[in-house]
Amino acid sequence: MPILDNKDLVHSAYLEFTRQSWAELRDNVPLTLSEQDLAKLKGINEDISLQEVVDIYLPLSRLLNLYVEARQKRSTVQGQFLGVTDFHVPYIIGIAGSVAVGKSTTARILQALLSCWSDHPKVALVTTDGFLHSNQELEQRGLMTKKGFPASYDIRSLVKFVSDIKSGQPKVTAPVYSHLQYDIIPDEYQVVEQPDILILEGLNVLQSGMDYPDQLHRVFVSDFVDFSLFVHAEQKQLKDWYIQRFLKFRSGAFTDPKAYFHHYSNLSESEATKTASRIWDEINGVNLVENISPTRERANLILTKGEGHQVEKIWLRK
Ligand SMILES: Nc1ncnc2c1ncn2[C@@H]1O[C@H](COP(=O)(O)OP(=O)(O)O)[C@@H](O)[C@H]1O
Ligand SMILES: CC(C)(COP(=O)(O)O)[C@@H](O)C(=O)NCCC(=O)O
């Protein structure tokens, strides 16, 4: 699918950067990573290339830092107007994109980098998976093969969650989803306590009311998101990354007898590849085309990845 095929929109709304021109932006301010930072990043995912972090994610963290600073100044002004000192409004960054494009990896890299800046050390990360309906609920609604589609989320609870965070509530909880159990974990919650920044990651963060005709509401997640990022790659590439991740799970997480897909660990490599390919074609690929890709041009920034998860193009909304 061509990216940004609406030429008018491209020329009027976005600035386009090649990998090289983007990487050069980090030269304006010297940015370095300590040994400790590097270890933290390798801990997130050992496949992450450090060159990628330096060329793409450091300039991005610098840009985000400037945006957050500007927002914090605005909050101070708002506080002055209201006669309130220490007026605290968390900054929300949304990360959207297909299943397996690398949303959660991108989110964790940004969390690690942004928490290094002294003005906003408290960076929370929440994934919207936690707002999926439980398997029991999905089964009742006949939606077990639609996981990740708009109808599979309790979107009202998700909107309430971001609204509570933005309104500065001292403790906000989010339900937790387990990829291992392939379900919501009953009675387990993630507590978010007034972060400086919240990174909200999920394939649905840029979706709007049109995507949820059966759950009519007027306020969307994106109304609370200060900066949104869409991670894009060609579908053929995405399917390949999905299959590779599935094969990794098959020889790793799925070997746990508690895993929902434990039976997949007994599959041969070619059977597992066929199974993952079918899940992609029937569920995740369809969701990408119908519900995720159409939200791409709502993002403030689009990262286009090629082979090996290398970011090749960056589009920044003016
Ligand atoms: N920057 C990256 N470099 C190398 N591998 C990556 C990178 N980002 C993601 N991956 C790999 O791609 C797969 C999908 O990434 P993940 O973050 O789980 O995607 P998502 O959260 O979008 O489903 C995983 O196997 C992950 O290890
Ligand atoms: C739970 C998910 C919708 C979320 O996607 P992710 O966080 O991996 O981008 C997805 O991983 C999923 O389970 N999709 C349904 C089909 C499948 O891949 O098993």
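Remember, it's a predicted structure, so these values are computed and weren't measured experimentally. Atoms within each ligand, like the ligands themselves, are counted from 1 in listed order.
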Salt-bridge present (Glu16, Lys313; N to O < 4.0 Å): yes

Close N or O approach (Ile48, ligand 1; < 3.5 Å): no

Side chain, backbone, both or neither: Lys305 near ligand 1, heavy atoms under 4.0 Å: side chain

Which donor-acceptor pairs under 3.5 Å do the side chains of residues 181-192 make with protein atoms, sequence neighbours left out?
from: Asp183; atom 1: OD1; to: Asn135; atom 2: N; distance (Å): 2.9
from: Gln190; atom 1: NE2; to: Leu125; atom 2: O; distance (Å): 2.8

Residue and atom name of the nearest protein heavy atom (relative to atom 14 (C) of ligand 1), distance in Å to one decimal: Ala100 O, 3.5 Å

Thr273 versus Ser270, side-chain donor and acceptor atoms under 3.5 Å: no

salt_bridge(Lys166, Asp226) N-O dist < 4.0 Å: yes

Polar proximity ligand 1 side, Gly308 side, N/O cut 3.5 Å exclusive: no

Protein contact to atom 19 (O) of ligand 1 [nearest heavy atom, distance to 0.1 Å]: Gly102 N, 3.1 Å

Audit row: Arg71, Ser75, side chain to side chain donor-acceptor pair (under 3.5 Å) steps and yes/no: CA-CA 6 Å; Arg71 187 68 181 78; Ser75 296; 3.2 Å; yes

NZ/NE/NH1/NH2 to OD/OE distance under 4.0 Å, Lys248 and Asp47: yes

Exercise: identify the closest heavy-atom pair between Gln194 and Lys122: O-NZ, 3.5 Å

First-shell residues of ligand 2 [heavy atom, distance under 4.0 Å]: Val99, Lys103, Asp129, Leu132, Lys147, Gly148, Tyr177, His179, Tyr182, Leu203, Tyr242, Arg245, Ile279, Ile283, Asn284

Test of proximity, Arg245 against ligand 1: N or O pairs below 3.5 Å: yes

Ligand-residue contact atoms, ligand 1 with Lys248, heavy atoms, under 4.0 Å: 25 (O), 27 (O)

Closest heavy-atom pair and its distance - Ile109, Ile44: N-CD1, 3.8 Å

Validation: residues 237-247 side-chain donor-acceptor distances under 3.5 Å, sequence neighbours left out:
from: Gln237; atom 1: OE1; to: Glu307; atom 2: N; distance (Å): 3.4
from: Lys239; atom 1: NZ; to: Ser277; atom 2: OG; distance (Å): 3.2
from: Lys239; atom 1: NZ; to: Asp281; atom 2: OD1; distance (Å): 3.0
from: Lys239; atom 1: NZ; to: Asp281; atom 2: OD2; distance (Å): 3.3

Ligand 1 to Trp241 polar contact by distance, N or O atoms, under 3.5 Å: no

Nearest neighbour in protein (non-hydrogen) for atom 17 (O) of ligand 1: Thr105 OG1, 2.6 Å

Arg317 CZ: over 12 foreign heavy atoms closer than 6.0 Å: yes

Per-residue contact class, Glu52 against ligand 1 - non-hydrogen pairs under 4.0 Å: neither

Polar atom proximity, Ser49 to ligand 1 (N or O, under 3.5 Å): no

Shortest protein contact, atom 26 (C) of ligand 1 (heavy atom only): Asn45 ND2, 3.5 Å

Asp47, portion touching ligand 1 at heavy-atom distance under 4.0 Å: both

Nearest non-hydrogen protein atom, atom 5 (N) of ligand 1: His309 CD2, 3.4 Å

Enclosure of Glu137 CD (heavy-atom neighbours >12, cutoff 6.0 Å): yes

Min heavy-atom dist Gly97 to ligand 1 below 4.0 Å: no

Heavy-atom closest contact (His133 atom, Tyr153 atom, distance): NE2-O, 3.3 Å

Contact atoms of ligand 1, heavy-atom distance to Ser98 under 4.0 Å: 22 (O)

Under the ring pair (Phe, Tyr, Trp, His ring centres under 6.0 Å) test, residues paired with His179 that sit two or more places apart: Tyr177

Electrostatic pair Glu52:Lys305 at N-O distance under 4.0 angstrom: no

